[in-house]
Amino acid sequence: MFENVSFIKSVFNLEDVPHRALPEVILCGRSNVGKSSFINSLFNKKSLAKISSSPGKTRSINFYNIDETFYLVDLPGFGYAKISKSEREKWGKLVSEYIREGKNIALALHFIDSRHKPTQLDVMLNEMLKTAGIPHFFILTKTDKLKQSEFSQSAKTLSEVLSEAKINENIVLYSSTKGRGQKEIKKILGNMFY
Ligand code: GTP
Ligand code: MG
C-alpha cells in the first residue's frame, strides 16, 4: 500500500482533466486548511504537493496516482479572500462542477481547520457532496495546535454545525506535522481499495 505514488498532472479547466479509469478520492475544503500538506504527510514525501505559507497555493486540480489503484485529487481551496472576486468565482465553479460531474468519485475528504468553526462555505460544500451522493469523511486538521483537552470540543463544534458529521464515526483528527490520524486514514483507504 502506497508504494507507488506519483504526480500526474495539474489542470485549470475541466476540459483538460485527464482521462481516468480508476476511482478517485477528492480532497476539498477551504484554502489553507492543510489539504496539500496532508498528501505530503500521508505519503511521507516532502514536496509531492506544493505548500506555501501564503494561502491560495493550489489553484489547479492536481491528480496523483496511488499504486495504480486509485487517484487522489487535490482540489483548489475555496474562500480565500485576497484574490479577485472573479478568480474566486472561477475556482468555486471549477470545484462545484468537478464534484457534480465526477462519475468516478468514490470518496471525498472534507478538510476543516480544527481551531475554527466550519463556515458557510463548508456548509455549502457539504450540501454539494450530499447532493452528489458522495460518501465523505471530515478531517479536522492542524490538531498539533490544539491541547488534548480541546480535541473533543473541536469535533463537537463540527458535529453541531454539520449534522452529517458524527463523533466516532466520520471525523478524523489529523496533524500533518505530528502524524496524528494517519493510521485512521490508511485504514479507511485500505478498506476501500486494497
Ligand atoms: P490551498 O492550496 O490554498 O487550498 O491550501 P491547502 O489546504 O492545500 O493548505 P496547505 O497544505 O498549503 O497548508 C497551509 C499552511 O498550513 C501551510 O503553512 C502548512 O505548513 C500549514 N499546515 C498544514 N497542515 C498543518 C498541520 O497539520 N499542522 C500545522 N501546524 N501546520 C499545518
Ligand atoms: Mg493546496
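When a ligand or atom number is given, it counts from 1 through the structure's own listing order. Note that the coordinates shown come from a computational prediction; the quantities given were computed from them, not determined experimentally.
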Quiz item: Is E127 salt-bridged to K130, going by a charged N under 4.0 Å from an acidic O?
Solution: yes

Self-check item: Under-4.0 Å heavy-atom contact with ligand 1, by part of K145 that carries it
Solution: side chain

Quiz item: If you measure from each heavy atom of T141 to ligand 1, is any distance below 4.0 Å?
Solution: no

Practice problem: Would you mind listing every side chain to side chain donor-acceptor pair (under 3.5 Å) that reaches into residues 178-192, with sequence neighbours excluded? | Solution: T143-R180

Self-check item: Short N/O/S contact of S31 with the Mg ion (ligand 2) (below 2.8 Å)
Solution: no

Exercise. For the pair F138 and H110, name the ring-plane relationship: parallel under 30°, tilted 30 to 60°, perpendicular over 60°.
Key: tilted

Quiz item: Can you say whether the rings of F63 and Y71 are parallel (under 30°), tilted (30 to 60°) or perpendicular (over 60°)?
Solution: perpendicular

Quiz item: Taking both backbone and side-chain atoms of G34, is any N or O found less than 3.5 Å from an N or O belonging to ligand 1?
Solution: yes

Exercise. Decide whether an N or O pair under 3.5 Å exists between S31 and ligand 1.
Key: yes

Exercise. Enumerate the atoms of ligand 1 whose separation from the nearest heavy atom of S175 is less than 4.0 angstrom.
Key: 27 (O)

Quiz prompt | Separation of D113 CG from L146 CG (nearest 0.5 Å) | solution = 8.0 Å

Quiz item: Using a heavy-atom cut-off of under 4.0 Å, does the side chain or the backbone of N32 touch ligand 1, or both, or neither?
Solution: both

Quiz item: Say you draw a straight line from CE of M1 to CD of E3; how long is it, rounded to the nearest 0.5 Å?
Solution: 10.0 Å

Quiz prompt | Interfacing atoms of ligand 1 (cut-off 4.0 Å, heavy-atom, G77) | solution = 4 (O)

Quiz prompt | L27, V33, L140, D144: member with heavy atom nearest to atom 29 (C) of ligand 1 | solution = D144

Quiz item: So is there a nitrogen or oxygen of F38 less than 3.5 Å from a nitrogen or oxygen in ligand 1?
Solution: no

Exercise. Check ring-ring contact (aromatic ring centres under 6.0 Å, His included) between F137 and all other residues, then give those that pass, not counting sequence neighbours.
Key: none

